[in-house]
Student: 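Structure below; questions to follow.
The figures that follow rest on heavy atoms only: side chains count, while hydrogens, waters and symmetry mates do not.
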Amino acid sequence: MSRIEHEESTSAERPSGGGRAVRSAVSVPVSGEEPKRAPTASRRRSRVPRARRMQLSLTRLEPWSVAKVTFLLAIAGALIQVAAAALLWILLNAIGLFDNLAQMLSKTGLDAGGFDLSNFFSLGTVLSTVTIFSIFEIILVVVLVTIGAFLYNLVSSLVGGIHVTLGDD
């Protein structure tokens with residue numbers, strides 16, 4: 001059976017009546033049924049879905065996936081280290097630290113063996129050293145984190161992994 005819906009206005013809505021306008025929707029039956037009122041606000045609120053919560057367990061880490069992500073993050077860390085070393089060297093050179101150290105060594109007589117501090121602390125030497133250190137660091141971090149993923153898989157098979165509760169807020 002089909003229904004026709006229309007709005008019913010109260011006297012407060014009419015221009016002569018002051019106050020707040022109140023409207024309610026009424027279903028008018030086409031073939032002799034009783035009219036039904038539209039759902040009220042309390043009924044509408046009860047239909048609003050509640051926030052869902054799911055409890056999940058992290059039971060396995062794929063070691064190859066962990067190695068790939070760690071490798072990329074370690075490369076990013078290495079680039080940051082090289083850039084930070086370059087900026088630090090430029091800052092220390094701008095304030096004259098290396099020149100002051102060379103003068104102090106020459107005044108004390110410690111540079112008699114032909115040791116040249118300016119060659120030892122040149123920008124190229126510092127960046128080369130930091131780059132080599134960063135390459136070894138990348139390899140070491142990737143190997144250690146991948147071993148950690150294997151160890152996590154062993155431990156999680158015994159205790160069930162890490163339990164996480166996720167929610168829709």
Student: To check you understand the geometry: which heavy-atom pair defines the closest contact between S134 and A78, and what is its length?
Tutor: CB-CB, 3.6 Å
Student: For T70 and T146, run side chain to side chain contact (heavy atoms under 4.5 Å, CB included): C-alpha distance rounded to whole Å, both residues' side-chain angles, the deciding distance at 0.1 Å, then the answer.
Tutor: CA-CA 8 Å; T70 304; T146 306; 5.7 Å; no
Student: In terms of hydrophobic clusters joined by side-chain contacts under 4.5 Å, are F121 and L88 together?
Tutor: yes
Student: State whether the number of non-hydrogen atoms from other residues, nucleotides or ligands found under 6.0 Å of F71 atom CZ is greater than 12.
Tutor: no
Student: Quick check on the hydrophobic clustering: are V126 and L87 connected, directly or via other members, by side-chain heavy-atom contacts under 4.5 Å?
Tutor: no
Student: Which heavy atom of V130 sits nearest a heavy atom of Q81, and at what distance?
Tutor: CG1-O, 3.9 Å
Student: Quick check: is I90 connected to F120 through a chain of hydrophobic side chains (ILVMFWY, heavy atoms under 4.5 Å apart)?
Tutor: yes
Student: What verdict does the side chain to side chain contact (heavy atoms under 4.5 Å, CB included) test give for Y152 and I162, after you've listed the backbone C-alpha separation in whole Å, the side-chain angles of each residue and the deciding distance to 0.1 Å?
Tutor: CA-CA 10 Å; Y152 178 81; I162 296 175; 3.4 Å; yes
Student: Answer yes if the side chains of S128 and T131 hold a donor-acceptor pair under 3.5 Å, and no otherwise.
Tutor: no
Student: Hey, could you give me the CG/CD distance between D99 and Q103, rounded to the nearest 0.5 Å?
Tutor: 6.5 Å
Student: Looking at S156 and T59, what are the two nearest heavy atoms and their distance?
Tutor: OG-O, 2.6 Å
Student: So for atom CD, which belongs to E62, do other residues, nucleotides or ligands contribute more than 12 heavy atoms lying within a distance under 6.0 Å?
Tutor: yes
Student: How many angstroms lie between atom CZ of F98 and atom OG of S122, to the nearest 0.5 angstrom?
Tutor: 9.5 Å
Student: Could you report the tightest heavy-atom contact between I138 and A74, atom names first, then the distance?
Tutor: CG1-O, 3.7 Å
Student: Run the numbers on L97 and N93 for side chain to side chain contact (heavy atoms under 4.5 Å, CB included), then give the verdict.
Tutor: CA-CA 6 Å; L97 178 74; N93 193 33; over 6 Å; no
Student: Kindly determine whether F150 and L61 satisfy side chain to side chain contact (heavy atoms under 4.5 Å, CB included), including the steps that lead there.
Tutor: CA-CA 8 Å; F150 280 114; L61 296 174; over 6 Å; no
Student: So if you build clusters from Ile, Leu, Val, Met, Phe, Trp, Tyr with side-chain heavy-atom gaps below 4.5 Å, do F133 and L79 land together?
Tutor: no
Student: Using 0.5 Å steps for rounding, measure from the CG atom of L101 to the CG atom of L92.
Tutor: 9.5 Å
Student: Indicate the atoms forming the closest heavy-atom contact of L127 with V82, along with that distance.
Tutor: CD2-O, 3.7 Å
Student: Check the hydrophobic clustering (I, L, V, M, F, W, Y; side-chain heavy atoms under 4.5 Å; chains of links allowed) and say if V69 and I75 are grouped together.
Tutor: no
